[in-house]
Amino acid sequence: MIKVKGLSINCLNGVNLELGGISCILGNWGKDKESLISAILGKEKYQGKVEFYVKGVLIDNKEALMLTRVIPQYMEKPNVKASSFLYPFTKVFGGKVKEIMQVLDIEDKYLSEMGDYELFKVYSAPLFMGDVKFILLANLLNSVEEQAKARILKDLIKISKMKNSDLILLIDSAEYVNVCESLYVIYGGRILEEGKEFLHPYSMALLNSRIKMGNKHEKIDVMEIGQPTSEGCPFHEFCNEMKLRKYLWIKCRLEMPDMMNIGEEKVACWLFREEFRQ
(Lines give C-alpha, C1' and ligand atoms only; values in the text may rest on other atoms or scores of the structure.)
Protein backbone atom coordinates (compact mmCIF):
# COMPACT_ATOMS: atom_id res chain seq x y z
CA MET A 1 0.00 0.00 0.00
CA ILE A 2 1.06 3.57 -0.70
CA LYS A 3 -0.20 6.16 1.77
CA VAL A 4 -0.15 9.79 0.69
CA LYS A 5 -0.68 12.25 3.52
CA GLY A 6 -1.23 15.99 3.08
CA LEU A 7 0.68 16.01 -0.19
CA SER A 8 1.34 19.42 -1.72
CA ILE A 9 3.49 19.65 -4.84
CA ASN A 10 3.10 21.83 -7.91
CA CYS A 11 -0.68 21.96 -8.43
CA LEU A 12 -1.60 19.41 -5.73
CA ASN A 13 -2.93 20.84 -2.47
CA GLY A 14 -3.15 18.71 0.68
CA VAL A 15 -3.97 15.43 -1.09
CA ASN A 16 -4.65 12.30 1.01
CA LEU A 17 -4.77 8.83 -0.60
CA GLU A 18 -4.51 5.18 0.39
CA LEU A 19 -3.55 3.17 -2.68
CA GLY A 20 -3.75 -0.60 -2.29
CA GLY A 21 -5.03 -3.52 -4.33
CA ILE A 22 -6.36 -2.12 -7.60
CA SER A 23 -6.62 1.61 -6.95
CA CYS A 24 -7.75 4.13 -9.53
CA ILE A 25 -7.23 7.88 -9.71
CA LEU A 26 -9.74 9.38 -12.11
CA GLY A 27 -9.43 12.85 -13.58
CA ASN A 28 -8.82 14.57 -16.89
CA TRP A 29 -6.44 17.26 -15.61
CA GLY A 30 -3.04 15.73 -16.48
CA LYS A 31 -0.93 17.99 -14.27
CA ASP A 32 -2.53 16.49 -11.15
CA LYS A 33 -1.46 12.99 -12.09
CA GLU A 34 1.98 14.07 -13.28
CA SER A 35 2.64 15.74 -9.93
CA LEU A 36 1.43 12.69 -8.02
CA ILE A 37 3.75 10.37 -9.96
CA SER A 38 6.68 12.74 -9.39
CA ALA A 39 6.03 12.69 -5.65
CA ILE A 40 5.63 8.90 -5.45
CA LEU A 41 8.88 8.40 -7.37
CA GLY A 42 10.68 11.04 -5.30
CA LYS A 43 11.57 13.07 -8.40
CA GLU A 44 10.64 16.41 -6.84
CA LYS A 45 10.53 17.87 -3.36
CA TYR A 46 7.10 18.03 -1.77
CA GLN A 47 5.31 18.83 1.45
CA GLY A 48 3.53 16.03 3.29
CA LYS A 49 4.34 12.32 3.30
CA VAL A 50 4.50 9.43 0.85
CA GLU A 51 4.78 6.11 2.72
CA PHE A 52 5.15 2.60 1.32
CA TYR A 53 3.90 -0.49 3.13
CA VAL A 54 4.54 -4.14 2.29
CA LYS A 55 2.37 -6.61 4.22
CA GLY A 56 1.46 -3.79 6.59
CA VAL A 57 5.09 -2.91 7.38
CA LEU A 58 6.45 0.54 6.57
CA ILE A 59 9.53 0.34 4.36
CA ASP A 60 12.18 2.85 3.36
CA ASN A 61 11.30 4.97 0.33
CA LYS A 62 14.55 4.09 -1.47
CA GLU A 63 13.82 0.40 -0.98
CA ALA A 64 10.27 0.96 -2.18
CA LEU A 65 11.47 2.50 -5.45
CA MET A 66 13.32 -0.72 -6.26
CA LEU A 67 9.98 -2.51 -5.83
CA THR A 68 8.13 -0.01 -8.05
CA ARG A 69 7.57 -0.18 -11.80
CA VAL A 70 6.02 2.55 -13.94
CA ILE A 71 4.46 2.10 -17.36
CA PRO A 72 4.51 5.59 -18.89
CA GLN A 73 1.63 7.38 -20.56
CA TYR A 74 3.48 7.61 -23.84
CA MET A 75 5.49 4.57 -24.93
CA GLU A 76 8.38 5.79 -27.05
CA LYS A 77 9.36 3.81 -30.13
CA PRO A 78 13.14 4.11 -30.49
CA ASN A 79 14.75 2.42 -33.46
CA VAL A 80 16.23 -0.38 -31.33
CA LYS A 81 15.32 -4.03 -30.95
CA ALA A 82 13.34 -5.22 -27.94
CA SER A 83 16.28 -7.15 -26.46
CA SER A 84 18.53 -4.08 -26.58
CA PHE A 85 15.81 -1.90 -25.04
CA LEU A 86 15.25 -4.31 -22.12
CA TYR A 87 18.86 -5.15 -21.32
CA PRO A 88 19.53 -2.02 -19.16
CA PHE A 89 16.48 -2.88 -17.01
CA THR A 90 17.96 -6.28 -16.15
CA LYS A 91 21.15 -4.57 -14.98
CA VAL A 92 19.05 -2.66 -12.43
CA PHE A 93 16.38 -5.19 -11.44
CA GLY A 94 17.83 -8.57 -12.46
CA GLY A 95 16.46 -11.26 -14.75
CA LYS A 96 17.38 -12.58 -18.19
CA VAL A 97 16.11 -10.81 -21.29
CA LYS A 98 15.68 -13.85 -23.52
CA GLU A 99 13.71 -15.80 -20.90
CA ILE A 100 11.38 -12.89 -20.15
CA MET A 101 10.80 -12.22 -23.85
CA GLN A 102 9.97 -15.87 -24.36
CA VAL A 103 7.46 -15.88 -21.49
CA LEU A 104 5.76 -12.75 -22.83
CA ASP A 105 5.98 -13.87 -26.46
CA ILE A 106 7.87 -10.73 -27.47
CA GLU A 107 9.38 -10.83 -30.94
CA ASP A 108 12.88 -9.34 -31.08
CA LYS A 109 12.15 -6.68 -33.63
CA TYR A 110 12.51 -2.90 -33.66
CA LEU A 111 10.18 -1.03 -31.32
CA SER A 112 9.51 1.44 -34.13
CA GLU A 113 7.80 -1.40 -36.04
CA MET A 114 5.49 -2.47 -33.19
CA GLY A 115 1.80 -1.81 -32.65
CA ASP A 116 0.49 -0.56 -29.30
CA TYR A 117 -0.14 -3.96 -27.72
CA GLU A 118 3.21 -5.39 -28.85
CA LEU A 119 4.90 -2.30 -27.47
CA PHE A 120 3.03 -2.63 -24.17
CA LYS A 121 4.39 -6.16 -23.73
CA VAL A 122 7.92 -4.77 -24.04
CA TYR A 123 7.21 -1.98 -21.54
CA SER A 124 5.59 -4.46 -19.15
CA ALA A 125 8.63 -6.78 -19.20
CA PRO A 126 10.27 -5.03 -16.18
CA LEU A 127 7.30 -6.25 -14.12
CA PHE A 128 8.95 -9.69 -14.40
CA MET A 129 12.37 -8.48 -13.26
CA GLY A 130 13.08 -8.83 -9.56
CA ASP A 131 10.54 -8.32 -6.79
CA VAL A 132 7.64 -5.97 -7.63
CA LYS A 133 5.15 -4.59 -5.12
CA PHE A 134 3.89 -1.38 -6.74
CA ILE A 135 2.79 -0.96 -10.37
CA LEU A 136 1.83 2.47 -11.72
CA LEU A 137 0.05 2.87 -15.03
CA ALA A 138 0.48 6.52 -15.97
CA ASN A 139 -2.67 7.26 -18.01
CA LEU A 140 -1.51 4.96 -20.83
CA LEU A 141 -5.08 3.95 -21.68
CA ASN A 142 -5.66 7.44 -23.02
CA SER A 143 -2.88 7.20 -25.61
CA VAL A 144 -3.22 3.71 -27.14
CA GLU A 145 -5.51 2.42 -29.86
CA GLU A 146 -8.97 1.36 -28.73
CA GLN A 147 -8.59 -2.37 -29.41
CA ALA A 148 -5.45 -2.55 -27.23
CA LYS A 149 -6.97 -0.99 -24.09
CA ALA A 150 -8.95 -3.99 -22.81
CA ARG A 151 -6.04 -6.39 -23.40
CA ILE A 152 -3.60 -4.10 -21.60
CA LEU A 153 -5.90 -3.69 -18.61
CA LYS A 154 -6.60 -7.44 -18.43
CA ASP A 155 -2.87 -8.24 -18.56
CA LEU A 156 -2.02 -5.71 -15.85
CA ILE A 157 -4.65 -7.05 -13.47
CA LYS A 158 -3.43 -10.60 -14.09
CA ILE A 159 0.22 -9.63 -13.53
CA SER A 160 -0.51 -7.65 -10.36
CA LYS A 161 -2.34 -10.61 -8.85
CA MET A 162 0.40 -13.02 -9.89
CA LYS A 163 3.10 -10.78 -8.40
CA ASN A 164 0.96 -9.90 -5.35
CA SER A 165 1.45 -6.23 -6.18
CA ASP A 166 -0.62 -3.10 -5.75
CA LEU A 167 -1.82 -1.72 -9.09
CA ILE A 168 -2.40 2.02 -9.35
CA LEU A 169 -4.25 3.13 -12.47
CA LEU A 170 -4.24 6.79 -13.43
CA ILE A 171 -7.15 7.19 -15.82
CA ASP A 172 -9.23 9.94 -17.39
CA SER A 173 -12.30 7.95 -18.38
CA ALA A 174 -15.01 6.46 -16.18
CA GLU A 175 -15.14 3.58 -18.65
CA TYR A 176 -12.64 1.56 -16.63
CA VAL A 177 -13.78 2.14 -13.05
CA ASN A 178 -15.51 -1.25 -12.80
CA VAL A 179 -12.11 -2.84 -12.13
CA CYS A 180 -11.24 -0.43 -9.29
CA GLU A 181 -11.26 -1.67 -5.70
CA SER A 182 -10.78 1.90 -4.52
CA LEU A 183 -11.35 5.05 -6.52
CA TYR A 184 -10.41 8.70 -6.09
CA VAL A 185 -11.57 11.55 -8.31
CA ILE A 186 -9.07 14.39 -8.62
CA TYR A 187 -9.24 17.75 -10.37
CA GLY A 188 -7.49 21.06 -9.89
CA GLY A 189 -5.12 19.58 -7.32
CA ARG A 190 -7.95 18.49 -5.01
CA ILE A 191 -9.59 15.18 -4.20
CA LEU A 192 -13.24 15.82 -5.01
CA GLU A 193 -14.60 12.37 -4.33
CA GLU A 194 -13.71 8.98 -2.89
CA GLY A 195 -15.90 6.02 -3.80
CA LYS A 196 -17.63 4.57 -6.84
CA GLU A 197 -21.15 6.02 -6.85
CA PHE A 198 -20.25 9.33 -8.54
CA LEU A 199 -21.89 12.20 -6.69
CA HIS A 200 -19.74 15.22 -7.48
CA PRO A 201 -20.79 17.23 -10.58
CA TYR A 202 -17.25 16.82 -11.96
CA SER A 203 -17.45 13.04 -11.58
CA MET A 204 -20.85 13.03 -13.27
CA ALA A 205 -19.42 15.11 -16.12
CA LEU A 206 -16.71 12.50 -16.70
CA LEU A 207 -19.24 9.70 -16.51
CA ASN A 208 -21.65 11.36 -18.94
CA SER A 209 -18.87 12.28 -21.35
CA ARG A 210 -18.33 8.71 -22.41
CA ILE A 211 -19.17 8.70 -26.10
CA LYS A 212 -21.44 5.88 -27.20
CA MET A 213 -22.57 5.16 -30.72
CA GLY A 214 -26.04 6.54 -31.41
CA ASN A 215 -28.41 6.67 -34.34
CA LYS A 216 -27.47 8.42 -37.53
CA HIS A 217 -27.44 12.24 -37.19
CA GLU A 218 -28.03 11.91 -33.41
CA LYS A 219 -26.20 14.56 -31.38
CA ILE A 220 -24.03 13.27 -28.56
CA ASP A 221 -23.87 15.48 -25.46
CA VAL A 222 -20.22 15.55 -24.41
CA MET A 223 -19.27 18.20 -21.86
CA GLU A 224 -16.03 20.10 -22.43
CA ILE A 225 -14.02 20.55 -19.24
CA GLY A 226 -11.29 23.16 -19.27
CA GLN A 227 -8.65 24.41 -16.89
CA PRO A 228 -9.62 24.35 -13.19
CA THR A 229 -9.89 27.56 -11.18
CA SER A 230 -7.60 28.33 -8.27
CA GLU A 231 -10.28 29.68 -5.89
CA GLY A 232 -13.27 27.87 -4.48
CA CYS A 233 -14.23 24.55 -6.00
CA PRO A 234 -11.91 24.06 -9.00
CA PHE A 235 -14.87 22.87 -11.10
CA HIS A 236 -17.23 25.78 -10.47
CA GLU A 237 -16.74 27.43 -13.88
CA PHE A 238 -18.17 24.32 -15.58
CA CYS A 239 -20.70 23.24 -12.96
CA ASN A 240 -24.31 23.26 -14.12
CA GLU A 241 -25.52 22.43 -10.61
CA MET A 242 -24.03 25.65 -9.25
CA LYS A 243 -25.50 27.68 -12.10
CA LEU A 244 -28.97 26.29 -11.36
CA ARG A 245 -28.77 27.21 -7.66
CA LYS A 246 -28.08 30.88 -6.97
CA TYR A 247 -27.54 30.21 -3.27
CA LEU A 248 -24.39 28.24 -4.20
CA TRP A 249 -22.82 30.86 -6.45
CA ILE A 250 -20.75 32.62 -3.81
CA LYS A 251 -19.84 29.47 -1.84
CA CYS A 252 -18.67 27.48 -4.86
CA ARG A 253 -16.70 30.39 -6.29
CA LEU A 254 -14.89 31.36 -3.09
CA GLU A 255 -14.68 28.35 -0.73
CA MET A 256 -13.53 24.77 -1.20
CA PRO A 257 -15.62 22.47 1.04
CA ASP A 258 -14.13 19.70 3.16
CA MET A 259 -14.82 16.07 2.34
CA MET A 260 -18.06 14.81 3.84
CA ASN A 261 -19.60 11.35 4.13
CA ILE A 262 -22.65 10.46 2.03
CA GLY A 263 -23.35 6.83 2.80
CA GLU A 264 -20.17 4.95 1.86
CA GLU A 265 -19.00 7.81 -0.36
CA LYS A 266 -16.88 10.83 0.50
CA VAL A 267 -17.45 13.98 -1.52
CA ALA A 268 -16.25 17.60 -1.37
CA CYS A 269 -19.22 19.55 -2.72
CA TRP A 270 -21.38 22.32 -1.24
CA LEU A 271 -24.39 20.73 -2.93
CA PHE A 272 -24.34 17.96 -0.31
CA ARG A 273 -23.86 20.11 2.77
CA GLU A 274 -26.85 19.88 5.09
CA GLU A 275 -27.44 23.64 5.32
CA PHE A 276 -27.90 23.82 1.56
CA ARG A 277 -30.16 20.78 1.26
CA GLN A 278 -32.93 22.09 3.50
- Task: Decide whether I22 and I71 are clustered together by the hydrophobic rule: side chain heavy atoms of Ile, Leu, Val, Met, Phe, Trp, Tyr closer than 4.5 Å, transitively.
- Result: yes

- Give a yes or no on whether M260 and Y247 share a hydrophobic cluster (residues Ile, Leu, Val, Met, Phe, Trp, Tyr; joining criterion: side-chain heavy atoms under 4.5 Å apart). yes

- So how far is it from K81 NZ to L111 CG, rounded to the nearest 0.5 Å? 12.0 Å

- Item | side chain to side chain donor-acceptor pair (under 3.5 Å) evaluation trace for S160 with S165 | CA-CA 5 Å; S160 67; S165 304; over 6 Å; no

- Task: Taking the side chain as every heavy atom from C-beta outward, state whether R253 and E237 have any atom pair closer than 4.5 Å.
- Result: yes

- Item | Heavy atoms from other residues, nucleotides or ligands near CD of E264 exceed 12 (cutoff 6.0 Å) | no

- Going from OG on S124 to CE on M75, what distance comes out if it is rounded to the nearest 0.5 angstrom? 9.5 Å

- Message: Heavy-atom count check: over 12 atoms from other residues, nucleotides or ligands less than 6.0 Å from K77 NZ?
- Response: yes

- Task: Search all heavy atoms of S83 against all heavy atoms of V97 and return the closest pair with its distance.
- Result: CA-CG1, 3.8 Å

- Item | Verdict with reasoning, L169 to Y176, per side-chain contact (heavy atoms from CB on, under 4.5 Å) | CA-CA 9 Å; L169 304 172; Y176 314 109; 6.0 Å; no

- Message: Looking at Q47, I want to see if its CD is surrounded by more than 12 non-hydrogen atoms of other residues, nucleotides or ligands under 6.0 Å.
- Response: no

- Message: Are V144 and L170 linked, directly or through intermediate hydrophobic residues, by side-chain heavy-atom contacts shorter than 4.5 Å (ILVMFWY only)?
- Response: no

- Report, as yes or no, whether the 6.0 Å neighbourhood of atom CG on D258 holds more than 12 heavy atoms from other residues, nucleotides or ligands. no

- With sequence neighbours left out, write down each residue that passes side-chain hydrogen bond (donor to acceptor under 3.5 Å, both in side chains) with S8, or none if nothing qualifies. none

- In Å, rounded to the nearest 0.5 Å, how long is the span from CD1 of I9 to CD of E34? 11.0 Å

- Tell me, with the steps shown, if Y184 and V15 meet side-chain contact (heavy atoms from CB on, under 4.5 Å). CA-CA 11 Å; Y184 294 89; V15 168; over 6 Å; no

- Query: Does some side-chain heavy atom of V132 sit less than 4.5 Å from a side-chain heavy atom of L67?
  - Reply: no

- Answer whether the closest heavy-atom distance between the side chains of L65 and L41 falls below 4.5 Å. yes

- With the side chain counted from C-beta on, respond yes when Y117 and Q147 share a heavy-atom pair under 4.5 Å apart, and no when they do not. no

- Message: Tell me whether E118 is salt-bridged to K109, with the criterion being a basic N under 4.0 Å from an acidic carboxylate O.
- Response: yes

- Heavy atoms of N16 and I191 approach each other most closely as O-CG1, 4.2 Å

- Query: Is K98 atom NZ crowded by more than 12 heavy atoms from other residues, nucleotides or ligands, each under 6.0 Å away?
  - Reply: no

- Query: Going from CE on M114 to CD on E107, what distance comes out if it is rounded to the nearest 0.5 angstrom?
  - Reply: 7.0 Å

- Message: Would you say that more than 12 heavy atoms from the other residues, nucleotides or ligands in this model lie under 6.0 Å from the CD of E51, or not?
- Response: yes

- Residues T68, K133; criterion side-chain contact (heavy atoms from CB on, under 4.5 Å); working and verdict: CA-CA 6 Å; T68 302; K133 293 300 178 186; over 6 Å; no

- Task: Determine the minimum heavy-atom distance between K33 and I25, stating which atoms define it.
- Result: CD-O, 4.2 Å

- Tell me whether L140 is reachable from I168 by hopping between hydrophobic residues (I, L, V, M, F, W, Y) whose side-chain heavy atoms are closer than 4.5 Å. no

- Message: Please say yes or no: joined through hydrophobic side-chain contacts below 4.5 Å, possibly via intermediate residues, are M66 and V70 part of one cluster?
- Response: no

- Here the ring-ring contact (aromatic ring centres under 6.0 Å, His included) pairs for residues 46-76, sequence neighbours left out, are F52-F134

Kindly list each side-chain donor-acceptor pair under 3.5 angstrom involving residues 195-203, sequence neighbours excluded, with atom names and distances?
{"residue": "K196", "atom": "NZ", "partner": "C180", "partner atom": "O", "Å": "2.5"}
{"residue": "H200", "atom": "ND1", "partner": "Y202", "partner atom": "N", "Å": "3.0"}
{"residue": "H200", "atom": "NE2", "partner": "A268", "partner atom": "O", "Å": "3.2"}
{"residue": "Y202", "atom": "OH", "partner": "N28", "partner atom": "N", "Å": "2.8"}
{"residue": "Y202", "atom": "OH", "partner": "N28", "partner atom": "OD1", "Å": "2.7"}
{"residue": "S203", "atom": "OG", "partner": "E193", "partner atom": "OE1", "Å": "2.6"}

- Do R69's NZ or CZ and the ring of F93 fall within the cation-pi criteria of under 6.0 Å and 45°? yes

- Note on the structure: All heavy atoms of G188 vs all of D32, minimum pair found to be N-OD2, 3.0 Å

- Item | Residue K161 excluded, over 12 heavy atoms near NZ under 6.0 Å | no

- Any chance NZ of K121 has more than 12 other-residue heavy atoms, nucleotides or ligands included, within less than 6.0 Å? yes

- Message: Could you measure the distance from the CD atom of Q73 to the CG atom of N142? Nearest 0.5 Å is fine.
- Response: 6.0 Å

- Message: Working note: K163 + L127, criterion side-chain contact (heavy atoms from CB on, under 4.5 Å); need CA distance, chi angles, decisive distance, verdict.
- Response: CA-CA 8 Å; K163 301 287 288 186; L127 303 181; 5.7 Å; no

- Query: Can you check whether F128 reaches L104 side chain to side chain, under 4.5 Å on heavy atoms?
  - Reply: yes

- Item | Distance-minimising heavy-atom pair for M242 and W249 | O-NE1, 2.8 Å

- Taking side chain as C-beta onward, heavy atoms only, is L17 less than 4.5 Å from L7? no

- Item | Distance, nearest 0.5 Å, that separates CD of E145 from CD1 of I152 | 8.0 Å

- Nearest heavy-atom neighbours spanning D116 and S143: OD2-O, 4.4 Å

